[in-house]
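For reference, the structure discussed in these notes is given below.
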Amino acid sequence: MSVASSNNNVADPAMIDFYLNGKRRQCADIPPDCSMLELLRGPLGHTGTKEGCASGDCGACTVAIGEPTADGSLNYHTVNACITPAHQAQGAHLVTVEGLSRGDALHPAQAAMVECHASQCGFCTPGIVMSLFVLHETQRTRPAPFTQQRLESALGGNLCRCTGYRPIRDAALQMADQPDTHPTWADDPSLPGAVASLCRDVMGRTEGASPGHYTIPRSLEALRELKRERPEARLVAGATDLWLETTQQLKPLDDLIDVSRVEELNRVEAHPEGWWVGAAVTYSRLAPLLDAEFPAFGRLLHRFASMQIRNRGTLGGNVANASPIGDCPPVLLALDARLLLDGPDGERDMPIDAFFLDYKQTALKANEFIRGIFLPRSEARQLKVWKLSKRREDDISAVLAAFAWRLEDGVMRDVRLAFGGMAAIPLRVPAAEAALEGQKPDEAAFAEAKRALRRELSPMSDVRGSAEYRLVAASNLLERLRLSLDMIPTDNGMEVMLDAYAH
Amino acid sequence: MNEMTDPTVIGQRTPRVDGEYKLTGRAGYTGELHVEDMLYGYPVPATIAHGVLTSLDVDAARGMPGVVDILHHRRVPKLYRSPNSMGHGDQVSEIRLPFEDERIHYHGQYVALVVAETFDQARAAAHAVVARYRQEDDARPSLLLTDAEGDLLEEEGDSRGDPDAAFERAAVTLDETYCIEAESHLQMEMHATLAEWRGKRLIVHESTQGVVYQRNALARTFDLPQEDVEVISHYIGSGFGNKLFMWPHAIATAAAAQLVGRPVKTVLPRQQDMLTAGNRPASRQRIRLGAERDGTLTSIRHDSTTETSTVDRYVDSCGGATPSAYACDNVAISQRILPVNHGTPCPMRAPGEVSGVYALEAAIDELAIALAMDPVELRLHNYAQHDPQSGLPWSSKQLDKCLRSAADRFGWSQRDPGIGAMRDGDEIIGYGMASATWSAGRQPCEARVELRADGSVFAACGTQDIGTGTYTIVAQTAAELTGVPVERVDVKLGESSLPAGPLSGGSMTTATTLPAVAAAVRDAVDALKEIVTKPEGAFAGVDPDALQVRDGGLASEDKHISFAELLAMHDVASVNGKGQAAPGGEQEEYSFRSFGAHFVEVRWDPGISRLRVSRVVSSIDVGRAINPLAARNQVEGAIVMGIGMGILEKLEYDPRDARLMNSNASDYRVAVHADMPEVVDVELLDYPDFRFNEFGARGIGEIGLTGVGPAIANAVHHATGKRFRTLPITVDKLVEALG
């Protein structure tokens, strides 16, 4: 690995060309499985950013990535550098804790942290400062009140073992009272344009790369071609799960195709019957659609990992990963979502409940990828999503239930009961659905549905919950559904109190 | 003693002197350090918990790019076990040396250490080392999964009166067993060592709570004169006890550096940190109480068992606080340890006592219910006005004020004691409380201070700042006693070559270090006075004792000259002072202990069995807080850690083979931002304890954690009617018990 800061424009696919704290950096010979954190702390010697877990759980490695927007500015979001591929810095502006102050003058995020004694041992501090920096930037461009929910969302992915969090929250609230000191690099009005231009420029460089490299195609056609040439190459989007293979299991990832910049995979398209969501659309970008059209799904995102993960993770990744405890697949099952699979041999459409075959086994062929996920529109459908985890925020589900139905003349129709954490795959339980289909939502029908759950499901015991806990909890969630149907007027069926159910 | 009755810097909300370094990423933790020619170490952990290493194939790994060497049980320099003595300051965390033999005692035990040119190369090669094992099937996964009694430790027992007979006679009795699952420190910064040999000298940078102890232990391990070893630790990403004493990774790293003749740095990955570098052991405690109908305690027996490993005998003494807790004539405590197949446990914040206080304070709550008494009243009824175990008076005890003040602020009088009687919408509200306590100790300490011609003050001590604010309070102390502003005080800590300072442990650092720093300041001032009162001096003819220290200078009547001017006038670069301080005769006259009270509100939604801690109101008395801002936050942080202990944290060992299943920050759950209660109201009483030291300060790092667990468990009982006697109280237990 080597580092240069010249502007020499070589088409080296292993070269990462980006801006770091306002300065152009070119890093050559970076291996495909190098993380952004390893790049920063190693070749770049920027050790302010810390490793606390190397699994995206603690947030000590939080950095900000600025990406060019249509209006010519840079939009910053937080990521966990420990599980973000170094090559995803390509053409972006990376901001780290070293890049915030202006000479001796601290950025408001830093000054407020000092003022509030919000740093004890200081090891989580650089990550927290970066989360506050992005909160401050967001506030600068889109001011809104710092509600409890917003602060939990902004800081939920940053563990601190010393302070008990109160001073950190105080610092967030106090940032606005500090002198609005800008980092030195923010003086340069040409920076956003330079980043945008670099971004356009570097993107094409790696498309022709051979196996053993980190390849970033820009178009669907290029992606198809790459999958034809390198069917065994692993696909990476947000890397929020894939990267654990290298940091936790020490496995090399030496042949990677990054789908995150494929234009066709980054669209959200509205159709009369529903929405096509590109497989590389991140949760953060998907959130406005879900909040507007699928509020129960939208609320799930508040309890779905941390902000840093939501900024990188994708719906396509969550589906393709096929984890039995992924949070989105049960919701997609309940919504009758469809998938568009694509590859060098053409595209095909499939209902999502045909996709999951066995533990981590899917209907994807070796050279295929998920291109999009279709979310059908239905005015009459009602949806509830309940996540059970041991911790309210930033935790993996023990059980996730997604229930959809519509009421027609007082009876339930199109009942979909889907679960995560109850089997080797996320799945619907047709026998339980049948018990409710065409029935009034009364005790007898639900009793039969609950019996069906017990009959059909045999979950495993693990650190997240015992088999018995999972069965009791899944059954109780059905009871919860019955009680809520009793209480909630049918015209208000979209109301979901997810945060009341997440623990 | 010079009682500091009216300080101007001490006791003020002083921002941390290291804050800016930490906020800008410039604070150099061990993992950041780089020296020329440095190699990277990456340990290879055993994948079984109990058995024998039957073969180790390192050939493939040895041939990988960048690999320089691989240490294992057949390739390791000569090492010696440390005598492991607290008295001689060479205690270690695990007495077994790395790579001693083929025996595997716990999951994660190092079977090899790869040394390579880069971190990536070391990690890749560690993955390529092939170890084969013969697993034995009688692994012991946890104290809480066995009925085995463990070994009784006679020296840990204590008693007064005849608790057995008193129990038999008591009108009301209680006999219950309380358990706590093993916990991980999950300190944010993993353990790290950078070892470098310069000729026969060994220089080690380590994230440690005790540079002096580790220096001594390394000297014993490598058979070196103590003077030839230096341990440095300028910034520490907290420790909570698991960085007190040296662990095998530091020995392995120094051994590797010796073997290859180049510096080696090892940063433990989180998984290995959790597997090999300490945990709070699980505990099982039987409490037997006897009382009169009016609530008078007549018998307390507290019998504890805690885990240790099969390679060391760590004792987490649970009963330590019990004999002094209540005015009861008949008390006995006992302690057992049971070896299990875990990495060796170690102290974790308020070690032993936090577990013991949980058991005792939960039992007192149960007794209050059996007696139909208010739990606060029961505690006040049995209030110990003097230390019932030593018979000595307390130096200063304000527990009654803590109980009453916290109860008032919490609104305890509004409590309806009926089970589940307090509701708010879907939620049932539970109130619970418990007392907090931690012993107040101090150690001998030395310090050095310089008054410098540039107007600054330099203070140095061989203790370290683990994040609690020691840099800042040492600066405050020097500022207080010289009148030089805090920002002109340079503090040097964290080097074993500095005057010997204490471990950062036991909440003793403040009370131990500051008196030595104060003595050193006075010594330096005396040296200056001697110079300036000489015949040719600026204060010639003035009696040195009549010279006052004021505003960063010396003053006599209306003449004031700053230290800087004085030193310049006399052509002296600096004057030096040495200070020493140690506990003295006061230890024979008084008992020293801190007390406090926690009141906790929980909210339980029976529909989904969700439990939250929504409000904590605490009053803590630690004498004087040197820095109230830092001190209060020690308690707030401890409370949130206590929420982890109460409802979240548990190391999960596989019952079949004792492997640790949740050695990561995802599956081992600590409280996150959203778990912070809506209200955390911490009051620090201000009763300076001048019998303890001139600053009136006892320690504050640990007491805040004691009592939080039982207050939560007691509140859960109030809400649910179910007495959970094992922590943490997780949602699956609530569902199982309550549907």
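What you see below is based on every heavy atom in this structure, not just the backbone, and it leaves out hydrogens, waters and symmetry mates.
- Top candidate by heavy-atom pairs under 4.5 Å with chain A, chosen from B/Arg669, B/Met641, B/Glu652, is B/Arg669.
- Of the charged side-chain nitrogens involved, at least one lies within less than 4.0 Å of a carboxylate oxygen, so that B/Glu649 and A/Arg161 count as a salt-bridged pair.
- Heavy atoms only, all atoms of each residue included: A/Ser119 and B/Leu23 are closest at CB-CD2, 3.9 Å.
- Looking at every heavy atom in both residues, A/Phe123 comes nearest to B/Tyr29 through N-OH, 3.6 Å.
- Within the 4.5 angstrom heavy-atom criterion, atoms from both the backbone and the side chain of A/Glu51 approach chain B.
- Between A/Leu159 and B/Val670 there is a side-chain heavy-atom pair separated by less than 4.5 Å.
- B/Met188 has its side chain out of reach of A/Cys160: every pair of non-hydrogen atoms, C-beta onward, lies at least 4.5 Å apart.
- Of the atoms belonging to A/Arg166, heavy atoms from both backbone and side chain fall under 4.5 Å from chain B.
- Nearest heavy-atom pair, B/His673 versus A/Gly156, reported as atom, atom and distance to 0.1 Å: CB-CA, 4.2 Å.
- B/Gln271 CD to A/Leu250 CG: the interatomic distance, rounded to the nearest 0.5 Å, is 7.5 Å.
- Options B/Pro269, B/Pro677, B/Gly469, B/Ala671 differ in how many heavy-atom pairs under 4.5 Å they form with chain A, and the most are formed by B/Ala671.
- Both the backbone and the side chain of B/Glu189 come within less than 4.5 Å of a heavy atom of chain A.
- Heavy atoms of B/His185 lying under 4.5 Å from chain A belong exclusively to its backbone.
- Checked against side-chain hydrogen bond (donor to acceptor under 3.5 Å, both in side chains), B/Glu117 has the following partners two or more places apart in sequence or in another chain: B/Arg262.
- If you take OG on A/Ser466 and CD on B/Glu736, they are separated by 7.0 Å, rounding to the nearest 0.5 Å.
- A/Arg464 contributes atom CZ, which lies 13.0 Å from atom CG of B/Asp732 (distance to the nearest 0.5 angstrom).
- For chain A, the option among B/Val680, B/Val267, B/Leu186, B/Asp273 with the highest count of heavy-atom pairs below 4.5 Å is B/Leu186.
- No donor-acceptor contact under 3.5 angstrom links the side chains of B/Glu20 and A/Gln110, judged on distance only.
- Your options are B/Leu629, B/Val640, B/Asp18, and the one with the most heavy-atom pairs under 4.5 Å with chain A is B/Leu629.
- Remark: the A/Gln248 side chain and the B/Asn664 side chain contain no N/O donor-acceptor pair separated by less than 3.5 Å.
- Only the side chain of A/Leu106 comes within contact range of chain B, judged by heavy atoms closer than 4.5 Å.
- By the 6.0 Å contact criterion, CZ on A/Arg102 is enclosed, its count of non-hydrogen atoms from other residues, nucleotides or ligands being greater than 12.
- Here the straight-line distance linking atom SG of A/Cys53 with atom CE of B/Met190 works out to 7.5 Å at 0.5 Å rounding.
- With a 4.5 Å cut-off on non-hydrogen atoms, B/Tyr235 does not touch chain A at all.
- Interface summary for chain B: among A/Ala54, A/Ser55, A/Pro167, A/Ala60, the most heavy-atom pairs under 4.5 angstrom belong to A/Pro167.
- For a residue to count as touching a neighbouring chain, one of its non-hydrogen atoms must lie under 4.5 Å from one of that chain's; by this rule B/Ser663 does not touch chain A.
- In this structure, chain A has no heavy atom under 4.5 Å from any part of B/Arg603.
- For the set A/Lys251, A/Glu468, A/Gln120, A/Arg470, the entry with the most heavy-atom pairs within less than 4.5 Å of chain B is A/Gln120.
- When heavy atoms are compared at a cutoff of 4.5 Å, A/Thr246 approaches chain B by way of both its backbone and its side chain.
- A salt bridge is defined here as a Lys NZ or Arg NE, NH1 or NH2 lying under 4.0 Å from an Asp or Glu carboxylate O, and B/Arg270 with A/Asp57 fails to meet this definition.
- Heavy-atom distances place the backbone of B/Ala27, and not its side chain, under 4.5 Å from chain A.
- Taking a cutoff of 4.0 Å between a charged side-chain nitrogen and a carboxylate oxygen, B/Arg16 and A/Glu115 do not qualify as a salt bridge.
- Both the backbone and the side chain of B/Glu32 come within less than 4.5 Å of a heavy atom of chain A.
- Contacts with chain A were tallied for B/Met661, B/His127, B/Glu678; B/His127 has the most, counting heavy-atom pairs under 4.5 Å.
- With respect to chain B, the highest number of heavy-atom pairs below 4.5 Å among A/Asp395, A/Thr125, A/Val129, A/Leu151 belongs to A/Asp395.
- Using a 4.5 Å cut-off between heavy atoms, B/Tyr40 makes no contact with chain A at all.
- Per-residue heavy-atom pair counts under 4.5 Å with chain A were compared for B/Gly19, B/Gly644, B/Ala665, and the maximum is reached by B/Ala665.
- Put simply, of A/Gly164, A/Cys121, A/Gly157, the one with the most heavy-atom pairs under 4.5 Å next to chain B is A/Cys121.
- Distance check, rounded to the nearest 0.5 Å: CG of B/Asp120 to CG of A/Asp33 gives 7.5 Å.
- Contacts between B/Glu427 and chain A at a heavy-atom distance below 4.5 Å are absent for every atom of the residue.
- For the side chain to side chain contact (heavy atoms under 4.5 Å, CB included) test, residues two or more places apart in sequence or in another chain that qualify with B/Ser233 are B/Thr208, B/Val211, B/Ile236.
- Here CG of B/Asn633 is found 12.5 Å from OH of A/Tyr165. Values are rounded to the nearest 0.5 Å.
- With a 6.0 Å radius and a threshold of 12 heavy atoms from other residues, nucleotides or ligands, B/Tyr21 has its OH atom at or below the threshold.
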